[in-house]
Amino acid sequence: MRRVFAVLLLPAALCAAAGCRYVTLDRATPQADAITDMHWLMFWVLGAVFALVLAALAIAVSRRSRAPIAGGKDPRFFAVAAATGVTCAILLLLLVASVVTGRAVSTPPEANALDIAITGHQWWWEVRYPAAVADDEVLTANEIHVPVGRSVRLHLASTDVIHSFWAPNLNGKKDLIPGRSTGMTFRVLRAGTYEGRCAEFCGYQHAHMGFRVVAEPPSEFEAWLESQRLPAAEPGDAARVHGHEVFLAGPCVNCHAIRGAGAFGRKGPDLTHLASRSTIAAATLPNTTGHLAGWIADSQRIKPGNRMPPNVLPSGDLLDLVAYLRSLR
Amino acid sequence: MSSPARTDPRESERPTAASEKECAELAHTWRERTGTLGLLFSVDHKTIAKRYIVTAFVFFLLGGLEAAAMRLQLARPEGRFLNPDLYDQVFTMHGTTMMFFFAVPVMLGIGLYLVPLMVGTRNVPFPRLNAVGYWFYLAGGLLLYGTFFANRGPDAGWFAYVPLSGNAYSSGHGMDAWVQIINFTEVSALIVAGSLIVTAFKQRAPGMSLDRIPLFVWAILVTMIMIVFAMPAVIFAAGSLNSDRSLGTHFFNPAEGGDALLWQHAFWFFGHPEVYIIFLPALGMVSSILSAACRRPIFGYTAMVLALVATAFLGFGLWVHHMFAVGLPQMGEAFFTAASMMIAIPTGVQFFCWIATLWGSRPRFEPPLVFVLGFFFTFLIGGLTGVMLASVPVDLQVHDTYFVVAHFHYVLIGGALFPLFGGIYHWFPKVTGRLLNRTLGFWNFALLFVGFNLTFFPMHELGFHGMPRRIYTYGPDKGWNGLNLAASIGAAILGVAVLLFLINVVHSLRHGARAGDDPWGAESLEWATSSPPPVYNFARIPIVASRSPLWDPEGLGAVTGLPTDKRLLLVSDPLDAEPSHREEVPGPSVNPFLISVTMSLGLIGSVFWLWWAVIGAVASAPMAFLWYWTEEDR
């Protein structure tokens, strides 16, 4: 019987050994850091409780019966009372630790925090960097650039259904709820690209509603922000000029905006600097010529149910359109 | 009609024995209609309970097939087995089926079968209403699967969050049907709750004072009271969603002053207690099985009862831990964290009392006990991960990931399905007169245990690796491939275990060893009558003098002098179970079936055309009259 229980404990040991690989526990911000510490505190404390209870159970089942207790209080009474007391003490400890961690995670940001407004859509993320002057505002999608070392304050909203913003390395998740505004704060300590995704079921393509957070040194971030403020690049050659015409003549323009190029649609992602982003379709595909062409031609095969209709274009038009879009750095 | 006055040859040996003539008369008085049409007349609590249990198992198999389809889809990245539309329907159906059509009804059914036997009475107090409960449950199930098999099933999840479940984003009839099936299942649950609360309070055998009620009956009683408080919340939620969808109201529409979070509050105010509604009866089963296996009463009876009551009470104070990600004030977070952690205390107390019961008792290793040991292991993991989820910061990382999927399957399969299987091995001989096969039982357990842990343990890690719930596919580059494959293999083993269980049931129904009255030497009253029990349950109502009436050296007493030519229940005082008067209950009738048909037609029809609600109501009126008129005809 005891051997059986030893075998049953194996998965727990494996789990502990594999611990350091956990994405959610790979910390890049003080916020994620605090959560990870809390996580491991609970893991070890509760792991010990698990081992103790199972050991008690194993002994209870396998031990031979002793002579019945003659008179006096049943010793089992004290054992149960003591175990209950210890349970209460452990829970109190974890409660205090949890509340302290909660405060650390939601500490208000410093005064110079960067504000970013994020709106969830079925199934992509609209990312807006508000500015004092309307023309300086930056509108992009699915890729969020943040400076390293500076607090970032996210303003989360949704215009359709409930989504949830989750970049595991940066902080816990927060829902985007129609009719409500929510927020989240973090400060990235390490430059890098962090994956994130929608965590609340939001319909057919919940599975393909990802985003990326690119954390870069402040100078690079400012340069990026500056470049994003510019209107779209002029089409440089004949093919791209034709591609631009295809864009404006076709259905694309109904939903997508390209600032400075006569496209004002707001239903889909802003494409002004599409080529500067590393993925398309909400982090579903790498942003390459081939993937972009495939996506435009028949996005329903890649992401069934998404809001973009298939586009039947002569292959020349399609290639020129892609060439134009790929030039929008 | 001739009465099937078969009397058991051992009748004279039982403490509640009555003469052959008396038994024959009782059998005649309490007889059910025979023939196929007679099935529509049944009012015996055991017949209706068996229907609940068998129907619930059919839904369990359907829900299992849906789970298998999901595991097939997710076994490999970029799976092509289900498209997103179908996947969403399948996972919605899986959750809805398992929660509303399997877990709750199967517990209701087992409670309905055992509680009247355990408290020593002949039937539930409102037998015809009880029949309506089953028909409603069946009608709800037919509606749900009707839409699903038409490929128009609900696809917004079993939690149906607005606005996704609203008209703007789920316009088909699938969600309308989903909203309606909630009404069906809740009505049926409330009917059973009413029946069993009255049974447990007013129909206990003389001498069974409050502190002598079997722990299983306590568990069911507490559960039924939870049903009474929890169901109205979801009936409100479903009703307002229904009216938002079909009448254009704005309960949940923020643009018109409604609130999307209102749904979540109402749904989880029901949804969290729902977990305990499933889980508390299972705890009662654990107590019954353990005391029989250890041949001693459960240690700490009072603590056990208080723990059940405390669990039920706290269970209503922690619904918000399903909603930590919506953004709460710190104070609210701390409150719900504390409440969620606190519920571990009564559960811990029960664990400790069970261990104290086992301590040194050298329990008998039969399949029911083995399932209970499996319960200890799996439920302990589920309970501890539940404590982790109570912490807001930790929860915000793993919320809506596969960690949560793992957690609640450990709680529900570990905490309810393992004891349920144990309970079936334990009470199958009582219900059918034959034991389930022991060897197959051990294999059943081993495969279930291995399959379950292989399926769900890796999901903890998948959650840490960032895999969200309810996704129909994932990219090969995420690093989730191996663990998903392991989970899918585990699911296949789990399927084999369930198949083995079915084989055991079918085989043992015909060829199982004869059980006798009390194959386990257990303590409670259901074992004081024949297996299966006669339609009138006990020839004479027993009189109990202790908490373990069948282990009482004094033996069991019996009430004499009750007339046998009427369907009489002995009504007793809720505290001391002093008999106070006799109550006549109605016998078989087709009226419950008829009114269920007209009302179900109205409710089902209204999914497709609103006026059906009116037609159903108008058609039900004469049925109600008919019922009241014929009520005198006992």
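Here is the naming used below: chain letters follow the sequence lines, and residue numbers restart at 1 for every chain.
Between B:Phe91 and A:Phe201, the gap from one ring centroid to the other is short of 6.0 Å. The ring of B:Phe377 has its center closer than 6.0 angstrom to the ring center of A:Phe50. Between B:Tyr472 and A:His208, the distance separating the two ring centers is shorter than 6.0 angstrom.
Side-chain contact between A:Arg180 and B:Asp259: present, with at least one pair of heavy atoms (C-beta onward) separated by less than 4.5 Å. Using a 4.5 Å cut-off on side-chain heavy atoms (C-beta onward), A:Val80 and B:Cys353 make contact. Using a 4.5 Å cut-off on side-chain heavy atoms (C-beta onward), B:His399 and A:Lys173 make contact. At a threshold of 4.5 Å between non-hydrogen side-chain atoms, the residues B:Leu380 and A:Leu57 do not count as touching.
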>> What verdict does the side chain to side chain contact (heavy atoms under 4.5 Å, CB included) test give for B:Met342 and A:Leu91, after you've listed the backbone C-alpha separation in whole Å, the side-chain angles of each residue and the deciding distance to 0.1 Å?
In response: CA-CA 7 Å; B:Met342 221 149 75; A:Leu91 288 173; over 6 Å; no
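In this structure, the portions of A:Thr101 lying under 4.5 Å from any heavy atom of chain B include both its backbone and its side chain. At a 4.5 Å heavy-atom cutoff, the contact between A:Gln122 and chain B is made by side-chain atoms alone. For a residue to count as touching a neighbouring chain, one of its non-hydrogen atoms must lie under 4.5 Å from one of that chain's; by this rule A:Asp160 touches chain B with backbone and side chain alike. Contact annotation for A:Ile177: only side-chain heavy atoms (C-beta onward) come within less than 4.5 Å of a heavy atom of chain B.
In this structure, CG in B:Leu261 is found 8.0 Å from CG in A:Asp175, a value given to the nearest 0.5 Å. Here the straight-line distance linking atom SG of A:Cys202 with atom CG of B:Leu164 works out to 7.5 Å at 0.5 Å rounding. To the nearest 0.5 Å, the span separating CZ on A:Arg63 from CG on B:Leu358 amounts to 13.0 Å. With values rounded to the nearest 0.5 angstrom, A:Leu94 atom CG is found 5.0 Å from B:Met341 atom CE.
The minimum heavy-atom distance between A:Thr159 and B:Tyr169, with the atom names listed, is O-OH, 4.0 Å. The two residues B:Gln397 and A:Trp166 have their closest heavy-atom pair at OE1-NE1, 2.8 Å. The minimum heavy-atom distance linking B:Val394 with A:Met38 is given by the pair CG2-CG, 3.6 Å. Heavy atoms only, all atoms of each residue included: B:Pro84 and A:Gln205 are closest at CG-NE2, 3.8 Å. Residues A:Arg76 and B:Thr357 approach most closely at NH1-CA, 3.8 Å, considering heavy atoms. Heavy-atom minimum distance, B:Pro363 versus A:Val61: CD-O, 3.9 Å.
Across B:Arg470, B:Glu333, B:Arg469, the residue that shares the most heavy-atom pairs under 4.5 angstrom with chain A is B:Arg470. Among the candidates B:Pro393, B:Pro254, B:Ala344, B:Ala334, the residue making the largest number of heavy-atom pairs closer than 4.5 Å to chain A is B:Pro393. Note: B:Val387 leads B:Thr337, B:Val349, B:Val387 in heavy-atom pairs under 4.5 Å with chain A. Per-residue counts of heavy-atom pairs under 4.5 Å with chain A were compared for B:Ala168, B:Pro468, B:Pro163, B:Ser165; the largest is that of B:Pro163. Ranked by non-hydrogen atom pairs under 4.5 Å with chain A, the options B:Asp155, B:Asn83, B:Val392 are led by B:Asp155.
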